[in-house]
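Working notes, beginning with the structure itself.
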Amino acid sequence: MTSDQPEGVRLQKVLARAGVASRRAAEELIAQGRVSVDGEVVREFGRRIDPDRAVIHVDGTRVILRSDQVYLALNKPPGVHSTMTDEQGRPCVGDYVRDRAERLFHVGRLDADTEGLLLLTNDGDLAHRLMHPSFHVLKTYLAEVEGAVPRGLGKRLRAGIELEDGPVRADEFRVKDTRPGRTLVEIVLHEGRKHIVRRLLAEVGHPVRKLVRTAVGEVQLGSAKPGTLRPLTRAEVGSLYRAVDL
């Protein structure tokens, strides 16, 4: 059971500081049983908590309390390496956050030729879980591949393909567009092995010409221009926490 922290901060004040709602609206959320602290639904307006240690959810979505935690989405351009520094002086992800005070790191990698969504944060617990294969966080890609994709390829990919380092299967696959000599496909994987999308599609006879990651879990790349950064919304951060059971 969640205990009251006499030296803590009132729950509705913590929710207001986190941008969830005004204090009055936060009290309504509490009264409606929509707020939990450390897994227990709290209905007391006066409950005091330690915001540095408590885990709060509103409607099942985790509330980020620490103001020093940063969550960013980068649309990584092609030719940029997924490192924070590069000894050879090549363009790298770190170039885009060089002037920020926080010590950020990228969540997973995209190879240099692949563009699209890359998350950056200083939240080590979340990053570790997002990268761990046991949580099966889905990543969505748009790939322009060579040749016309035959009917039945999606079923084959979802059933699984054997690669040199073990089997891999697509969680979802669909054809988005066809052009002479090439096809635009969307593929969703929870795998994170190196070059996994390129290797998988090459194995079935459709080498990738262009590859863009468009989503990580529920976080979408959207219409962001290459090389631009944006902060994740509270809902987006909450969705990532839900995806990894935090």
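Values below: all heavy atoms of this structure, side chains included; hydrogens, waters and symmetry mates excluded.
Under the 4.0 Å criterion applied to side-chain N and carboxylate O atoms, Arg199 and Asp165 are assigned as salt-bridge partners. The pair Glu191-Arg169 does not meet the salt-bridge criterion, since no charged nitrogen lies less than 4.0 angstrom from a carboxylate oxygen. Using a 4.0 Å cut-off between charged nitrogen and carboxylate oxygen, Arg179 and Asp177 count as a salt-bridge pair. In this structure, Glu236 pairs ionically with Arg230, as a charged nitrogen and a carboxylate oxygen lie closer than 4.0 Å. By the 4.0 Å N-to-carboxylate-O rule, Arg213 lies too far from Glu115 to be salt-bridged with it.
At least one side-chain heavy atom of Met84 sits less than 4.5 Å from a side-chain heavy atom of His106. Taking the side chain as every heavy atom from C-beta outward, Arg100 and Val70 approach each other to under 4.5 Å. Using a 4.5 Å cut-off on side-chain heavy atoms (C-beta onward), Leu211 and Tyr141 make contact. Within the 4.5 Å cutoff, no side-chain heavy atoms of Ile187 are placed close to those of Glu172. Looking at heavy atoms from C-beta onward, Pro91 lies in side-chain contact with Val80 at the 4.5 angstrom threshold.
Distance check: Leu126 CG to Ile64 CD1 gives 7.5 Å after rounding to the nearest 0.5 Å. From Thr178, atom OG1 reaches atom CG of Leu184 across 9.5 Å, with rounding to the nearest 0.5 Å. Rounding to the nearest 0.5 Å places CD1 of Ile56 at 5.0 Å from CG of Leu11.
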Checklist entry - Given the rule in the side chain to side chain contact (heavy atoms under 4.5 Å, CB included) test, do Leu130 and Leu240 qualify, once you have shown the distances and angles that lead to the verdict? => result CA-CA 8 Å; Leu130 287 172; Leu240 295 175; 4.1 Å; yes
Checklist entry - Would Glu144 and Arg182 satisfy salt bridge (charged side-chain N to carboxylate O under 4.0 Å, His left out), going step by step from the backbone distance to the final call? => result CA-CA 7 Å; Glu144 184 182 274; Arg182 64 187 68 183; 3.2 Å; yes
Next on the checklist: Would Asp111 and Lys194 count as a salt bridge (charged side-chain N to carboxylate O under 4.0 Å, His left out) here? Give the steps.
Outcome noted: CA-CA 8 Å; Asp111 61 68; Lys194 189 174 182 180; over 6 Å; no
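In this structure, Phe105 and Asn122 approach most closely via the heavy-atom pair CE2-CA, 3.8 Å. Closest of all the heavy-atom pairs between Tyr96 and Pro77 is OH-CG, 3.4 Å. The two residues Val212 and Gly116 come nearest to each other via the heavy atoms CG1-CA, 4.0 Å. The minimum heavy-atom distance linking Leu110 with Ser82 is given by the pair O-OG, 2.7 Å. Between Ile196 and Leu189, the shortest heavy-atom contact is CG2-CD1, 4.0 Å. Taking both residues in full, the closest heavy atoms of Tyr241 and Gln69 are given as OH-OE1, 4.4 Å, listed atom of the first, atom of the second, then distance.
Looking at Arg34 and Gln32, their side chains do bring a donor and an acceptor atom within 3.5 Å of each other.
Using modelled atom types, one side-chain atom of Asp50 and one backbone atom of Asp52 make a donor-acceptor pair closer than 3.5 Å. Panel note: side chain Arg129, backbone Val244; a donor-acceptor pair is recorded below 3.5 Å. With hydrogens and angles ignored, the 3.5 Å screen pairs no side-chain donor or acceptor of His206 with any backbone N or O of Val145. Side-chain atoms of Lys139 come within 3.5 Å of backbone atoms of Val137 as a donor-acceptor pair (strictly under, hydrogens ignored). Judged by distance alone, the side chain of Thr83 and the main-chain N or O of Cys92 form no donor-acceptor pair under 3.5 Å. A donor-acceptor pair under 3.5 Å links the side-chain atoms of Asp38 to the main chain of Val55, judged by distance alone. For Asp171 (side chain) and His190 (main-chain N/O), a donor-acceptor pair under 3.5 Å exists by modelled atom type.
Heavy-atom neighbours of Arg23 CZ from other residues, nucleotides or ligands within 6.0 Å: at or below the threshold of 12.
Hydrophobic clustering (side-chain heavy atoms under 4.5 Å, transitive across Ile, Leu, Val, Met, Phe, Trp, Tyr) keeps Leu119 apart from Leu229.
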